[in-house]
**Q** 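Before I ask anything, let me first share the structure, which is written out below as structure tokens.
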There are 2 protein chains.
Amino acid sequence: MERLSVWAPDGLPEIRPGDDLGDLLAGLLAGLDEHDRPRDGDVVVVTSKIVSKAEGRVVAAADREQAITDETVRVVARRERPGLPPLRIVENKLGLVMAAAGVDASNTPEGTVLLLPVDPDASARRIRAALARRLGVRLGVVVTDTAGRPWRDALVDIAIGCAGITPTDDLRGSADSHGRRLDVTVTAVVDEIAAATELVRGKSTGRAVAVVRGMDRHVTDDDGPGARVLVRGSADDLFREGSAEAYARGLADGRADAAADS
Amino acid sequence: MERLSVWAPDGLPEIRPGDDLGDLLAGLLAGLDEHDRPRDGDVVVVTSKIVSKAEGRVVAAADREQAITDETVRVVARRERPGLPPLRIVENKLGLVMAAAGVDASNTPEGTVLLLPVDPDASARRIRAALARRLGVRLGVVVTDTAGRPWRDALVDIAIGCAGITPTDDLRGSADSHGRRLDVTVTAVVDEIAAATELVRGKSTGRAVAVVRGMDRHVTDDDGPGARVLVRGSADDLFREGSAEAYARGLADGRADAAADS
């Protein structure tokens, strides 16, 4: 019987710019009861929020809209909202398509907002190395963020960084229970791990770290490709622009075509 | 410390049209070791595949493209693929936007495909009632399917039906650790539960059921609204049409406008 266990220890202090996050995590995890202490093959999952805090990715809140603009590589969709700044769905510097570019204004000190880590895969690698050094175990590390979905309400956590774990479980070419090839089944393992840990971390509790046991088969000796590989390339993206944006561009081009023809 | 445990028992027989799925599940779960047997507050998660099989939602594979057409309420995006039928992202009768309308050709007998359950929330309610009757416990039930995401490669499981569990964890109005209101944090609890269980169910193993312990606070006395509430309404959907489709419609309208003006 396959089993998965997830637990979210309390007790991580408030993270401040310049903190050695790997060191703080190692201290917290080393202090757990023996059964809960990470073992070879476990996965340690941390929110991007604490990674960003440790990496000093804090900016003044007066600049929230400017921060979103600065983090934006490409605007995908935009909608005006009465009494609020416009909703902006954008591709950010990490290739992630997110509302507000992933700029976060909750669980941060009043007057500040938090940007995503510059390179969450690199952050995951650093945390993994620190935990291996301090705890002497071979772990996977996942860095999470919270994301919306275009066609579903409410949010789920996804993996924006990882190290020491295969981001996907590629079953293409393997057989299903009827012996037919599974053609399109590539599972986003690290996204599912991120989602599972959100259920025990919660949003308002300050639990920013979780341990996952039972995913040994996905944990690797090397750091691996990181979660960046889960970003879909533009050639395969059928939703590069919001419907309204694409329609407006078509309308303008159609009118210009017709003008050029006449 | 918050804890979540997930396990996926082996031993469910191949499901056939007309099988009483609640009865088969109850038999399997009642036979587990005492610690693994579902208790009050646990969540039982089943794939839509076995629900569809029990409900006889099987059609001949020769009709796969026709089955997709029949399940389609609205085409969202379409792309030609050399040597393959076109990729169709559509809204199906359940309001779900999915590739191929959720029509499934894996893990089914050669020559057949499987449609999604007619009403997965109703399926979840029936399973919940059967498990309550047979096992005498108050459970949540989630029915899963596997879905793509427009901007991320690889697939994750989501909840397409549920009963006895709150689909979302609505934190709007609650305070973060700095005492600021969490404005937009509504978590898709049942989607995260679906994702967590996929990690132990796998795709090619035939394990189609999982038990989740630790989500008691989301399990309810009544059946609740079901997973249908997670479908985003059209007024809030910025991606009603693929970019190419919206652009083409704009282009045609722009040319027609210009023609009308001249």
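A, B, ... follow the sequence lines: proteins, then strands. Residue 1 opens every chain.
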**Q** Say whether, by atom type as modelled, one donor and one acceptor occur between the side chain of B:Ser243 and the main chain of A:Arg240 under 3.5 angstrom.
**A**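 Such a contact is found between B:Ser243 side chain and A:Arg240 backbone.
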**Q** Please find the pair of heavy atoms, one from A:Ala196 and one from B:Ala196, that lie closest to each other, and give the distance.
**A**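 Looks like CB-CB, 3.6 Å.
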**Q** Heavy-atom distances under 4.5 Å only: say whether B:Thr168 touches chain A with side chain, backbone, both or neither.
**A**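 For B:Thr168, side-chain heavy atoms alone lie under 4.5 Å from chain A.
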**Q** Measuring only between side-chain heavy atoms, which start at C-beta, is B:Asp257 closer than 4.5 Å to A:Leu251?
**A**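 In short, these two side chains touch, coming nearer than 4.5 Å.
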**Q** Using non-hydrogen atoms only, which part of A:Val229 is less than 4.5 Å away from chain B: side chain, backbone, both, or neither?
**A**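 For A:Val229, backbone heavy atoms alone lie under 4.5 Å from chain B.
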**Q** Might you point out which heavy atoms bring B:Phe239 and A:Trp151 nearest each other, and give the distance in Å?
**A** O-NE1, 3.0 Å
**Q** Answer whether the closest heavy-atom distance between the side chains of B:Asp153 and A:Val186 falls below 4.5 Å.
**A** no
**Q** Can you tell me which portion of A:Arg217 sits under 4.5 Å from chain B's heavy atoms? Options are side chain, backbone, both or neither.
**A**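 Contact with chain B: side chain only.
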**Q** Sequence neighbours left out, what passes ring pair (Phe, Tyr, Trp, His ring centres under 6.0 Å) with A:Tyr247? Give chain and number order.
**A** none
**Q** Holding to salt bridge (charged side-chain N to carboxylate O under 4.0 Å, His left out), I want the full list of residues that pass it with A:Glu80, two or more places apart in sequence or in another chain.
**A**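 Here the qualifying residues are A:Arg78.
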**Q** Would you say B:Arg3 and A:Asp36 make side-chain contact, with heavy atoms under 4.5 Å?
**A** yes
**Q** When only pairs under 4.5 Å are counted, which of B:Ser5, B:Ala8, B:Ala77 shares the most heavy-atom pairs with chain A?
**A**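 Most pairs with chain A among the choices: B:Ala8.
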**Q** Nearest 0.5 Å, please: how far is CD in A:Glu2 from OG1 in B:Thr197?
**A**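 Reported to 0.5 Å precision, the distance equals 12.5 Å.
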**Q** What are the two closest non-hydrogen atoms of A:Ala154 and B:Leu230, and how far apart are they?
**A** CB-CD2, 4.0 Å
**Q** On a heavy-atom basis, which atom in A:Arg149 and which in B:Ala188 lie closest, and how many Å separate them?
**A**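 Reported closest heavy-atom pair: NH2-CB, 3.5 Å.
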**Q** Check side-chain hydrogen bond (donor to acceptor under 3.5 Å, both in side chains) between B:Asp236 and all other residues, then give those that pass, not counting sequence neighbours.
**A** none
**Q** Taking all non-hydrogen atoms of both residues into account, name the closest pair between A:Glu192 and B:Leu155 and its distance.
**A**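 Residues A:Glu192 and B:Leu155, closest heavy atoms: OE2-O, 4.3 Å.
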**Q** Mind checking the CG-CE spacing from A:Leu199 to B:Met215? Nearest 0.5 Å is all I need.
**A**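 So the gap between those two atoms works out to 4.5 Å.
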**Q** Using heavy atoms and a sub-4.5 Å threshold, report which of residues 89-96 of chain B line up against chain A, by residue number.
**A** B:Ile89, B:Leu96
**Q** Relative to chain A, which of B:Asp191, B:Ile158, B:Val231 shows the most heavy atom pairs under 4.5 Å?
**A**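 Option with the top pair count is B:Asp191.
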**Q** Flag the pair A:Leu87 / B:Leu238 as yes when at least one side-chain heavy-atom distance between them is below 4.5 Å, and no otherwise.
**A** yes
